[in-house]
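The next block holds one structure in the form of structure tokens; read it before the comments.
All residue numbers in this chain count up from 1 along the given sequence. As the structure is a computational prediction, the values presented were derived from the model and not from experiment.
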Amino acid sequence: QVQMLESGGGVVQAGGSLKLSCTVSGLRFADFAMGWFRQAPGKEREGVACIDFKGQNTLYPPSFEDRFVASRVNAKNTVYLQMSNLNPEDTGTYYCASARSAFCGVRYRTAASYEYWGQGIQVTVSS
């Protein structure tokens, strides 16, 4: 049984930073790319980052590439999302997900490219 547990969310003031973690069990973690998604209230889930199986390559949508950094430690079965210069529009539930392949393909922002999902963690940015 695959389990994915996010942590590190919370409330932060605008301009602040947070680092999310996602620890995975029941999966050959080092074989798969990992993604981060978020869902704001009333909006669709959107991909914000993808990191390949070795952690050597990352992809971000243009609006996130200057503020979000994904990393991973395969020995710990954990993937991270460092978020900086946060603003209230970043408020939402953040999810980690394991990709269906080792690499972040052109559809890395698409939920269907991922197989297993965490339960999500809340991030609230106050103005």
Side-chain angles (χ1 to χ4, degrees):
Q1 182 181 0
V2 177
Q3 292 186 324
M4 305 175 71
L5 183 62
E6 297 104 337
S7 60
V11 180
V12 63
Q13 289 189 332
S17 299
L18 276 178
K19 187 174 184 178
L20 305 182
S21 301
C22 172
T23 300
V24 180
S25 61
L27 181 73
R28 292 180 61 172
F29 179 78
D31 287 351
F32 298 98
M34 295 293 296
W36 284 96
F37 285 72
R38 75 178 186 189
Q39 188 165 19
K43 295 187 177 181
E44 294 186 353
R45 191 172 298 190
E46 61 176 337
V48 302
C50 183
I51 183 167
D52 74 358
F53 72 119
K54 289 187 176 181
Q56 294 178 342
N57 293 290
T58 51
L59 290 175
Y60 311 91
S63 57
F64 299 99
E65 61 186 357
D66 292 336
R67 300 188 299 121
F68 288 10
V69 178
S71 60
R72 65 191 293 164
V73 178
N74 285 349
K76 295 183 177 181
N77 280 13
T78 301
V79 62
Y80 305 94
L81 184 67
Q82 176 69 54
M83 304 183 293
S84 60
N85 195 22
L86 290 164
N87 57 69
E89 289 69 36
D90 293 314
T91 293
T93 302
Y94 284 71
Y95 301 86
C96 63
S98 62
R100 299 182 186 274
S101 70
F103 300 95
C104 302
V106 293
R107 296 173 60 84
Y108 75 96
R109 300 172 65 175
T110 303
S113 297
Y114 299 84
E115 184 169 9
Y116 298 104
W117 294 78
Q119 80 288 350
I121 193 163
Q122 181 66 33
V123 171
T124 301
V125 185
S126 61
S127 57

- Decide side chain to side chain contact (heavy atoms under 4.5 Å, CB included) for Met4 and Leu27; before the verdict, give the C-alpha distance in whole Å, the side-chain angles of both, and the deciding distance to 0.1 Å. CA-CA 9 Å; Met4 305 175 71; Leu27 181 73; 5.7 Å; no
- Task: Output, in order, the C-alpha distance, side-chain angles, deciding distance and verdict of side chain to side chain contact (heavy atoms under 4.5 Å, CB included) for Tyr80 and Ile51.
- Result: CA-CA 10 Å; Tyr80 305 94; Ile51 183 167; over 6 Å; no
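Both tests pass for Arg72 against the ring of Phe29: distance under 6.0 Å to the centre and angle within 45° of the axis.
With salt bridges taken as basic N to acidic carboxylate O contacts below 4.0 Å, none links Glu46 and Arg109.
Cluster membership for Leu81 and Leu86, using ILVMFWY side-chain heavy atoms within less than 4.5 angstrom, is shared. Put simply, Val73 and Phe68 are part of two different groups of oily side chains (I, L, V, M, F, W, Y) that touch within less than 4.5 Å, one to the next. No chain of hydrophobic side-chain contacts below 4.5 Å, direct or via other Ile, Leu, Val, Met, Phe, Trp or Tyr residues, connects Tyr114 to Tyr116.
A ring-centre distance under 6.0 Å is found for Trp117 and Phe37. A distance below 6.0 Å separates the ring centres of Phe103 and Phe53.
With hydrogens and angles ignored, the 3.5 Å screen pairs a side-chain donor or acceptor of Glu6 with a backbone N or O of Cys96.
Contact of the Tyr60 side chain with the Val69 side chain is registered, since non-hydrogen atoms from C-beta on lie closer than 4.5 Å. Counting heavy atoms from C-beta on, the side chains of Trp36 and Met83 never come closer than 4.5 Å.
Residues Thr78 and Thr23 have side chains that bring a donor and an acceptor to within less than 3.5 angstrom of each other.
When all heavy atoms are compared, the tightest approach of Cys104 to Leu59 is O-CD1, 3.5 Å. Closest heavy-atom contact between Asp90 and Tyr94: O-OH, 2.6 Å. Pairing each heavy atom of Gln39 with each of Lys43, the nearest pair is NE2-O, 3.1 Å. The nearest pair of heavy atoms linking Pro61 to Ala49 is CD-N, 4.4 Å. For the pair Pro88 and Ser126, the tightest heavy-atom approach, listed with the atom from each and the gap, is CG-C, 4.5 Å.
Taking CZ of Arg38 as the start and OH of Tyr95 as the end, the distance is 13.0 Å to the nearest 0.5 Å. Note: Arg107 CZ to Ser113 OG = 5.5 Å, rounded to the nearest 0.5 Å. Summarising the geometry, atom CG belonging to Asp52 is positioned 13.5 Å from atom OH belonging to Tyr108; distances are rounded to the nearest 0.5 Å. The CG atom of Leu5 sits 12.5 Å away from atom CG of Asn77, with the distance rounded to the nearest 0.5 Å. In this structure, CD on Glu115 lies 7.0 Å from CZ on Phe32, to the nearest 0.5 angstrom. Taking OG1 of Thr91 as the reference point, atom CD of Gln122 lies at 7.0 Å (rounded to 0.5 Å).
No more than 12 heavy atoms of other residues, nucleotides or ligands shown are found within 6.0 angstrom of CZ on Arg28.
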